[in-house]
Every structure is written in C-alpha cells, then in structure tokens.
There are 2 protein chains.
Amino acid sequence: MNRRTFHRAPEGERRQELIRATLDTIAALGLKAATVRAIAIRAGVTAGLVRHYFASKDQMVAEAYRFMLTTFAAKAADIAGDPRMRLRKFITLNLTAPVADSHSLSLWASFISQVRVDPELAAIHRDGYLGFRNDLQGLIRDFLEAEGRPAGEADCRRHAIAINGMIDGLWLEGCLAGELFEEAELVAIALSSIEALLGLPIGPDDEANTVPERAGDATTA
Amino acid sequence: MNRRTFHRAPEGERRQELIRATLDTIAALGLKAATVRAIAIRAGVTAGLVRHYFASKDQMVAEAYRFMLTTFAAKAADIAGDPRMRLRKFITLNLTAPVADSHSLSLWASFISQVRVDPELAAIHRDGYLGFRNDLQGLIRDFLEAEGRPAGEADCRRHAIAINGMIDGLWLEGCLAGELFEEAELVAIALSSIEALLGLPIGPDDEANTVPERAGDATTA
DNA sequence: GCGGAAATTATTCAACCGTATAATAACGCC
DNA sequence: GGCGTTATTATACGGTTGAATAATTTCCGC
C-alpha cells in the first residue's frame with residue numbers, strides 16, 4: 001500500500017490556500033457542509049494537515065472570516081480622486097462584482113448567522129465593520145464641504161446611516177436577484193437616490209447617470 | 001428508572017410547537033447546532049418524537065422556513081387606511097420589532113445561507129419573496145396617485161427598488177446594531193429619506209416625523 | 001564548493017471519540 | 001388492545017490525534 005506523493009508548499013502559501021478553500025467551500029456548500037475533510041479536499045490536501053496550520057477548525061474558519069472582511073475593506077481603501085469622485089467610486093464598488101454577487105452573499109450570510117453564537121467571530125465582526133460607516137461618513141462630509149455645503153456632525157451621521165442603509169439594501173437585492181437588474185441599474189438607482197437625499201449632483205458629465213429604462217417584472221428573489 | 005410522565009398534545013398543536021421550537025433554536029444556536037435533540041428539548045419532548053410528525057429533520061426545517069415567510073407576509077397584508085397611511089405603516093412595520101430584531105436577522109441569515117444549496121428551501125424562498133416588492137410597488141403607485149402625482153410603470157418600479165433597498169438596508173442595520181439607534185430613529189430616517197426620494201411628505205401631522213438628535217458614535221456593529 | 005548523510009518538518013494515513021440522525025423496541029394512556 | 005409517546009440502539013459522520021513517511025534543508029567530510 002503505497003503512500004501518496006505530495007508537494008511541500010513554501011512558507012505561508014499552504015496556509016493561504018486553506019483559508020481560500022475554506023471560503024470557497026462555505027460559499028459553495030454552506031457552513032454546515034464545510035467540514036474539515038471537504039475543505040481539505042478542495043485545497044488538495046488531507047484532513048489531518050489542517051491541524052498542522054491551525055489550532056482547530058474553528059480557528060481556521062475565524063481567520064477565513066477575518067481575511068474576507070480585510071479584503072473588502074482593502075478594496076474600499078485605495079479609492080483616489082476628488083471628494084465627489086471618491087463617493088461615487090465607493091458606491092459603485094460596493095454595488096458591482098465582486099462585492100455584489102451571490103458568492104459574497106452566501107459567505108456573508110453564513111458568517112452572520114454564526115456571529116451571534118460565536119464570541120470569537122463576533123469580535124472579528126466588530127473589528128471588520130467598525131470603520132465601514134465611519135469611512136462613508138467621512139466621504140460624505142468631504143463631499144458636502146467640497147460642494148460648499150458643510151454639515152454638522154449630526155447631519156453627516158444621519159446621511160451616513162441612510163446612505164449606508166441604501167447601499168446595504170441594494171447590495172442585498174443585487175446579490176439575491178442580480179439577474180433581474182441590468183449591470184449598471186442598481187448603481188444608477190443608488191446614485192440618483194443619493195442625489196435626492198443630499199440635494200447635490202454626484203454623477204460626472206462624461207458618464208451616464210440616468211436610470212436605464214427596463215420594463216421587467218418586479219420580484220425580489 | 002422511572003419513565004417521564006408526558007402530556008399528550010392535541011393534533012396539530014404539537015406540530016406547531018415543534019416548528020416554533022425549530023425557529024427558536026436556529027435563532028439562538030445557529031443552523032449547525034440546531035440538532036433534533038436541541039429542538040426537541042426546547043419543545044419539551046424527546047428527539048424520537050420528531051420523526052412521528054415529520055419525515056425527517058430537513059422537512060421540519062423546511063416547514064419552519066415556510067412558516068417564517070408566511071408570518072412575515074401576513075403581517076404586511078392586513079394594513080388598512082388611505083394610501084399614505086398604508087405606505088407609512090408598511091415602512092414602520094418592517095423597521096420595528098418583531099420584524100427588525102437580531103432574532104429575525106439570525107433566522108433570516110441562517111436560511112439564506114442554505115437557500116443556495118438546498119433546492120427545497122430555494123423553492124420555498126422563491127414562493128415567499130415573490131410578491132414582496134410588488135406589494136411595495138403597489139403601495140407606492142397608490143400613494144402617488146392619491147397625491148395627484150400619478151407615475152408610469154417604470155418610475156414606480158425604480159422607486160420601489162430604491163425604497164425596498166433602503167428598507168432592507170435599514171432593517172439590516174437595525175438588526176445588526178439595534179442598540180446604536182433610538183427606538184424610532186431608523187423609522188424616522190427612512191420616512192424622511194423616502195420623502196426626499198418621492199418629493200412628497202409622508203408623515204402625519206400628529207406624529208413626530210423628524211429625526212431625533214443623537215450624538216453617539218457611528219459604528220455599524 | 002560538492003555529494004551525500006543526517007536532521008527537520010510538512011504531509012499522509014488510520015483510528016478514536018463524541019455526537020448526530022434514523023430506525024426500532026418498549027411503554028402508558030385512552 | 002391500539003395508538004401516541006418515549007427509550008434504546010444502529011449506523012454514520014465530524015473533528016482530532018499520533019505515528020509513519022516523504023520532501024526539503026542542514027551539515028559535514030572531502
């Protein structure tokens with residue numbers, strides 16, 4: 001009975017592979033079916049190896065969650081341009097793939113359902129989400145100031161809550177039923193709605209900012 | 001070892017108890033930890049009894065999901081009043097307990113993460129969500145007409161998407177971090193934002209519709 | 001420098017224990 | 001006695017473990 005030949009991975013690489021396989025498996029099969037064995041097979045190794053890199057399966061899952069949140073935050077961090085452009089990019093970024101797709105929703109929902117019962121995941125969750133709305137609030141403040149409409153702390157907070165809510169909600173709709181919307185439709189709705197909320201135009205002259213016509217049905221999922 | 005004395009429940013009642021216990025257990029412990037035993041204990045019976053009422057655990061979970069969606073839909077169905085009142089009630093209903101609390105989010109996320117991998121759940125999901133935005137679109141159309149601002153199909157659809165997105169998003173924020181908001185704050189933000197989106201007042205004169213001041217920090221979870 | 005032995009350690013493998021679901025036997029009330 | 005409920009058992013599967021082994025690096029005599 002011969003033993004399998006294997007490849008010995010360079011420092012850190014296998015660890016990253018396992019984290020990626022964890023996320024892929026959860027997205028594809030759900031948290032319940034994401035067993036150590038299933039994850040290991042997807043990563044091309046055997047189950048026992050997991051405990052060589054992580055103290056436990058739970059720790060590996062926790063690190064996978066942290067990695068996911070970090071990846072999201074990193075995407076939003078390197079937005080450049082003037083305040084109006086930055087706000088517009090932020091919204092677009094969060095309402096198009098890869099942030100807005102069923103893969104992301106699947107992952108997100110799996111973790112959210114565990115956050116309430118797992119203190120370690122809850123801590124990671126808190127860390128990950130802590131800056132999100134603050135970032136948005138900063139973008140809004142900068143934008144209002146640049147447009148000569150400086151606003152107080154309370155007003156900015158209120159706007160950030162409303163706009164954050166709208167982004168989250170449209171993200172949800174896009175993930176749940178992306179095939180019901182044109183590619184840019186959700187982004188256009190978000191931008192024009194936010195214009196109405198703030199009373200200021202956001203769209204640049206050189207790019208379409210109107211809502212494309214579409215006479216489809218109106219179901220959510 | 002004496003056998004426990006037991007109570008013989010009337011037909012149907014025990015079944016309903018088990019469904020309720022299923023939802024409670026999923027919300028409290030997560031889908032993974034919602035074992036037949038845990039659910040049975042919560043319902044005050046022993047595990048074997050489940051198989052007397054349901055063909056399998058999966059079927060019980062599926063029926064619990066159907067029950068949850070039905071309950072949500074039923075709440076929104078019996079709203080009475082003039083168009084403006086109905087729209088306002090619809091929004092309020094979806095942004096206050098029991099629809100908007102961490103219990104609901106927990107349930108919702110648990111099921112959503114399974115919907116993609118379980119065809120039976122997917123069918124139930126589709127049935128349950130099919131009419132939601134159409135209902136909202138109808139409310140919006142009626143409201144606009146009643147205010148003398150009749151709108152075409154495309155406009156109504158666009159408004160319904162935007163407002164549905166905002167409701168979903170604020171619902172999400174309320175569930176995730178309800179303790180960061182005043183009781184009526186999210187509702188007030190939603191109502192004033194929707195006023196801005198539609199360009200029409202929604203709030204009645206006799207009820208506060210302004211956003212209450214609150215100088216707290218701005219974190220999401 | 002260089003070839004190969006020795007040490008290191010990443011990986012596999014098989015088995016363990018706990019627990020889950022499903023099936024079935026035992027029991028009590030009407 | 002029949003039916004509803006419970007206790008018990010069977011089987012399967014999940015995470016974890018530790019010993020065996022293959023791949024890689026280090027070391028040493030030359």
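What you see is a predicted model, and the numbers here were worked out from it, not measured in a lab. Letters go in sequence order (proteins before strands), and every chain restarts at 1.
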If we only count heavy atoms from C-beta on, is the [X] to [Y] side-chain gap below 4.5 Å?
X        : Y        : value
A:Phe72  : A:Ser104 : yes
B:Ile39  : B:Met60  : yes
B:Asp58  : B:Glu120 : no
B:Asp142 : B:Asp82  : no

Side chain of B:Leu49 - closest among D:dG15, C:dT11, D:dT6
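Out of D:dG15, C:dT11, D:dT6, the nucleotide with an atom closest to B:Leu49's side chain is D:dT6.
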With a 4.0 Å cutoff (strictly under), does any side-chain N or O of B:Arg51 reach OP1 or OP2 of C:dA23?
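Yes, within the criterion.
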Drop me the distance from [X]'s [atom1] to [Y]'s [atom2], to the nearest 0.5 angstrom.
X        : Y        : atom1 : atom2 : result
A:Ile163 : A:Ile194 : CD1   : CD1   : 5.0 Å
A:Ile140 : A:Ile161 : CD1   : CD1   : 10.0 Å
B:Leu23  : B:Leu18  : CG    : CG    : 11.0 Å

Write down the distance between [atom1] ([X]) and [atom2] ([N]), rounded to a whole number of angstrom.
X       : N      : atom1 : atom2 : answer
A:Arg14 : C:dA10 : CZ    : P     : 11 Å
A:Lys57 : D:dT17 : NZ    : P     : 15 Å
B:Leu18 : D:dT6  : CG    : C1'   : 14 Å
B:His52 : D:dT5  : NE2   : C1'   : 8 Å
A:Arg15 : C:dT9  : CZ    : P     : 17 Å
B:Met60 : C:dT21 : CE    : C1'   : 11 Å

Give A:Tyr53 one of three labels, base, sugar-phosphate or nothing, depending on what nucleic acid heavy atoms sit under 4.0 Å from its own.
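If one applies the 4.0 Å heavy-atom cut-off, A:Tyr53 turns out to touch the sugar-phosphate alone, with no base involved.
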With the threshold set at under 4.0 Å for non-hydrogen atoms, list the residues of residues 22-47 of chain A touching DNA chain D in residue-number order.
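Those residues whose heavy atoms fall under 4.0 Å from DNA chain D, taken from residues 22-47 of chain A in numerical order, are A:Thr35, A:Val36, A:Arg37.
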Electrostatic pair B:Arg157:A:Glu185 at N-O distance under 4.0 angstrom
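Salt bridge: yes.
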Quick one: sort the B:His125 and B:Tyr65 rings into parallel, tilted or perpendicular, breaks at 30° and 60°.
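It falls in the parallel class, under 30°.
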Collect all protein-nucleotide pairs involving nucleotides 21-25 of chain D in which both atoms are nitrogen or oxygen and the distance is under 3.5 Å.
unit_1: D:dT21; atom_1: O4'; unit_2: A:Arg3; atom_2: NE; d: 3.4
unit_1: D:dA23; atom_1: N3; unit_2: A:Arg8; atom_2: NH1; d: 2.5

